[in-house]
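Please read all numbers here as calculations on a predicted model, not as lab measurements.
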Amino acid sequence: MSTETSVAHEADWTRVRSAVCNRWPQIKEEELSKCPNEAEWMIEFVKGRVDASQDEIESVVREFAPQESMADRISHTAEDSVRKASESARFAVMRADECIAERPTQSVLASFVAGALVGVTVTALWFRQNREPSRWEHFKTRTWG
């Protein structure tokens with residue numbers, strides 16, 4: 001982002017902060033300056049500090065907020081999705097660690113059984129694909145005479 005664009009972008013968000021402070025005087029501009037320059041963040045920030053409806057807060061913020069480009073919206077959506085997925089994965093790993101710590105013997109036994117089942121399944125599928133014809137199949141294919 002160029003310096004001119006960055007200054008204009010900051011001026012737009014200063015206008016948003018001023019509008020929010022004018023609408024809800026209990027919010028100080030210093031508080032709002034800690035909030036990132038994104039409409040969703042600003043809405044959540046204001047919602048936690050005032051007794052107003054979600055629609056009212058959104059209308060004030062979005063009226064003065066600069067419009068995001070399609071690329072920015074896609075980028076923010078992707079970042080949110082990655083953040084949620086990483087939180088879920090982190091939670092799953094923590095839960096697995098807890099289960100292993102609570103029951104180490106059962107965990108090792110379950111891992112062994114699962115590994116043996118996977119090994120047997122893969123071996124059976126491999127033999128099925130590369131199997132030799134049986135004697136009966138050899139006998140059926142012979143022609144007499």
Practice problem: Any chance you could lay out the side chain to side chain contact (heavy atoms under 4.5 Å, CB included) test for Ile43 and Gln54, step after step, and finish with the verdict? | Solution: CA-CA 8 Å; Ile43 291 167; Gln54 176 85 12; 3.7 Å; yes
Practice problem: Inspect the contact between Glu79 and Arg83 and indicate whether a charged nitrogen and a carboxylate oxygen are less than 4.0 angstrom apart. | Solution: no
Quiz item: What's the shortest heavy-atom distance between Thr121 and Leu117, and which atoms?
Solution: OG1-O, 2.8 Å
Quiz item: What distance do Asp80 atom CG and Glu40 atom CD have between them, rounded to the nearest 0.5 Å?
Solution: 8.5 Å
Quiz item: Given the rule in the salt bridge (charged side-chain N to carboxylate O under 4.0 Å, His left out) test, do Arg17 and Glu31 qualify, once you have shown the distances and angles that lead to the verdict?
Solution: CA-CA 10 Å; Arg17 288 186 192 95; Glu31 287 181 291; over 6 Å; no
Quiz item: Between atom CZ of Arg62 and atom CG of Asp55, what is the distance when rounded to the nearest 0.5 Å?
Solution: 10.5 Å
Quiz item: So, for Cys35 and Phe45, which heavy atoms are closest and what is the spacing to 0.1 Å?
Solution: SG-CB, 3.8 Å
Exercise. For atom CD of Gln129, decide whether the heavy atoms of other residues, nucleotides or ligands shown that lie under 6.0 angstrom number more than 12.
Key: no
Quiz prompt | N-O pairing of Lys47 and Glu44 below 4.0 Å | solution = yes
Self-check item: Within residues 96-110 or reaching into it, pairs that qualify as salt bridge (Lys or Arg N to Asp or Glu O under 4.0 Å) - sequence neighbours excluded
Solution: Arg95-Glu98
Quiz: residues 21-29 side-chain donor-acceptor pairs under 3.5 angstrom, not counting sequence neighbours:
residue: Asn22; atom: ND2; partner: Ser18; partner atom: O; Å: 3.3
residue: Arg23; atom: NE; partner: Glu56; partner atom: OE2; Å: 3.0
residue: Arg23; atom: NH2; partner: Glu56; partner atom: OE2; Å: 2.0
residue: Lys28; atom: NZ; partner: Pro25; partner atom: O; Å: 3.4

Quiz item: Which heavy atom of Ser107 sits nearest a heavy atom of Cys99, and at what distance?
Solution: OG-O, 3.8 Å
Quiz item: What's the verdict on side chain to side chain contact (heavy atoms under 4.5 Å, CB included) for Val46 and Leu32, showing C-alpha distance, side-chain angles and the deciding distance?
Solution: CA-CA 8 Å; Val46 172; Leu32 287 174; 4.2 Å; yes
